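Heads up, the thing below is written out as structure tokens.
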Amino acid sequence: LSGRTCRDLASAYESWLFNSNVPDNILAELSPRSLAKIGNIDLVKRKEIIDRLLDGEIFTEANLTNFSSKKQKHNFDYNHQIKKAMDICHSLTDSEKLRNFQNIMIINVKQKEEILNLKNTISAIKNNNS
């Protein structure tokens, strides 16, 4: 397997396959890149894709790219995002919540690092412009 394929499969497993109920014969119809793309789509859209996969629909990489790029908002709507997160939480079983907890903690740490890097970049730009 190429390095790219290995990265795509690892990404897919870490983001969603580890607790997926999609049968292997359906997963085998998707490319490693498509599996990784599903993991990079927000949870609500990902759940819709998984439901459609279970109903027999097969997605190409192009389908997933189009699916993930539909009408992205550039402004962050805090209240909408909180409501969406709460809806997802209420739709998960307790065991699904426990399985997702570790990933959420890892994402939190990565986002804290990204925030720190962005603050440092802003400071550096402000200092250069002074």
Side-chain angles (χ1 to χ4, degrees):
L1 295 174
S2 72
R4 178 64 177 200
T5 299
C6 290
R7 283 190 300 276
D8 286 342
L9 290 173
S11 171
Y13 180 79
E14 290 173 353
S15 61
W16 73 281
L17 281 177
F18 71 95
N19 67 351
S20 169
N21 61 346
V22 179
D24 292 344
N25 62 322
I26 293 175
L27 296 174
E29 297 290 327
L30 298 166
S31 70
R33 188 76 201 123
S34 294
L35 293 170
K37 279 188 178 235
I38 291 170
N40 292 327
I41 294 173
D42 74 69
L43 287 175
V44 173
K45 288 182 182 179
R46 184 184 316 156
K47 184 171 177 7
E48 180 183 339
I49 289 171
I50 291 171
D51 289 343
R52 289 168 65 178
L53 284 170
L54 292 171
D55 288 339
E57 189 171 343
I58 299 298
F59 291 93
T60 64
E61 200 175 320
N63 296 139
L64 293 169
T65 299
N66 291 337
F67 198 90
S68 67
S69 63
K70 287 181 185 172
K71 295 184 181 179
Q72 299 278 333
K73 285 186 178 178
H74 293 291
N75 294 330
F76 187 81
D77 183 350
Y78 180 81
N79 291 329
H80 174 72
Q81 294 299 322
I82 292 293
K83 182 186 179 316
K84 193 164 98 174
M86 294 304 293
D87 289 344
I88 292 168
C89 287
H90 293 303
S91 72
L92 297 174
T93 65
D94 287 343
S95 62
E96 288 173 322
K97 290 175 187 175
L98 287 172
R99 282 192 299 258
N100 288 325
F101 181 76
Q102 182 180 1
N103 284 344
I104 291 169
M105 294 300 292
I106 291 169
I107 290 168
N108 186 34
V109 169
K110 289 179 181 178
Q111 288 178 337
K112 285 179 181 178
E113 178 186 32
E114 184 177 354
I115 288 168
L116 183 62
N117 289 337
L118 289 170
K119 285 181 178 180
N120 290 338
T121 301
I122 290 169
S123 293
I125 291 171
K126 284 181 178 178
N127 289 339
N128 287 340
N129 289 335
S130 298

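For the single chain, residues carry numbers from 1 onward in sequence order. Bear in mind the structure is a predicted one, so any value in this text is a computation, not a measurement.
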Can we say Glu48 and Arg52 salt-bridge, meaning some charged N sits less than 4.0 Å from an Asp/Glu carboxylate O? yes
By side-chain contact (heavy atoms from CB on, under 4.5 Å) - contacts of Ile125 (at least two apart): Thr121, Asn129
Taking side chain to side chain contact (heavy atoms under 4.5 Å, CB included) as the criterion, tell me which of Val109, Ile115, Asn117, Leu116 meets it with Glu113. Asn117
Stepwise, does the side-chain hydrogen bond (donor to acceptor under 3.5 Å, both in side chains) test hold for Ser123 with Asn120? CA-CA 5 Å; Ser123 293; Asn120 290 338; 5.4 Å; no
Nearest 0.5 Å please: distance from the CZ atom of Phe59 over to the CG atom of Leu30. 9.0 Å
Short side-chain to backbone donor-acceptor contact, Ser15 and Ser11, under 3.5 Å: yes
Considering all heavy atoms, the nearest Arg46-Ile41 contact: NH2-O, 3.1 Å
Quick check for you: to the nearest 0.5 Å, what is the distance between Lys97 atom NZ and His90 atom NE2? 7.5 Å
Ile49, Asn103, Asn40, Val22 screened by side chain to side chain contact (heavy atoms under 4.5 Å, CB included) with Trp16, the one that passes: Val22
From Ile104 atom CD1 to Gln102 atom CD, the distance as rounded to the nearest 0.5 Å: 11.0 Å
Could you tell me whether the side chain of Asn63 and the main chain of Thr60 form a donor-acceptor pair under 3.5 Å? yes
Decide whether Ile26 and Phe18 are clustered together by the hydrophobic rule: side chain heavy atoms of Ile, Leu, Val, Met, Phe, Trp, Tyr closer than 4.5 Å, transitively. yes
Out of curiosity, Leu92 CG to Asn19 CG, how far, rounded to the nearest 0.5 Å? 9.0 Å
ILVMFWY cluster, Tyr78 and Met86 together (side-chain gap under 4.5 Å): yes
Is Ile38 close to Leu17 at the side-chain level, that is, under 4.5 Å between some pair of heavy atoms? no
Answer whether the closest heavy-atom distance between the side chains of His80 and Lys83 falls below 4.5 Å. no
Quick check: closest heavy atoms across Glu61 and Ser31, and the distance to 0.1 Å? OE1-OG, 4.4 Å
Correct closest heavy-atom pair for Glu96 and Thr93 would be OE1-N, 2.8 Å
Rounded to the nearest 0.5 Å, how far does NZ of Lys45 lie from CG of Asp42? 5.5 Å
Can you confirm whether Asn21 sits close enough to Leu54 that some side-chain heavy atom of one is under 4.5 Å from a side-chain heavy atom of the other? yes
Out of curiosity, Asp8 CG to Leu35 CG, how far, rounded to the nearest 0.5 Å? 8.5 Å
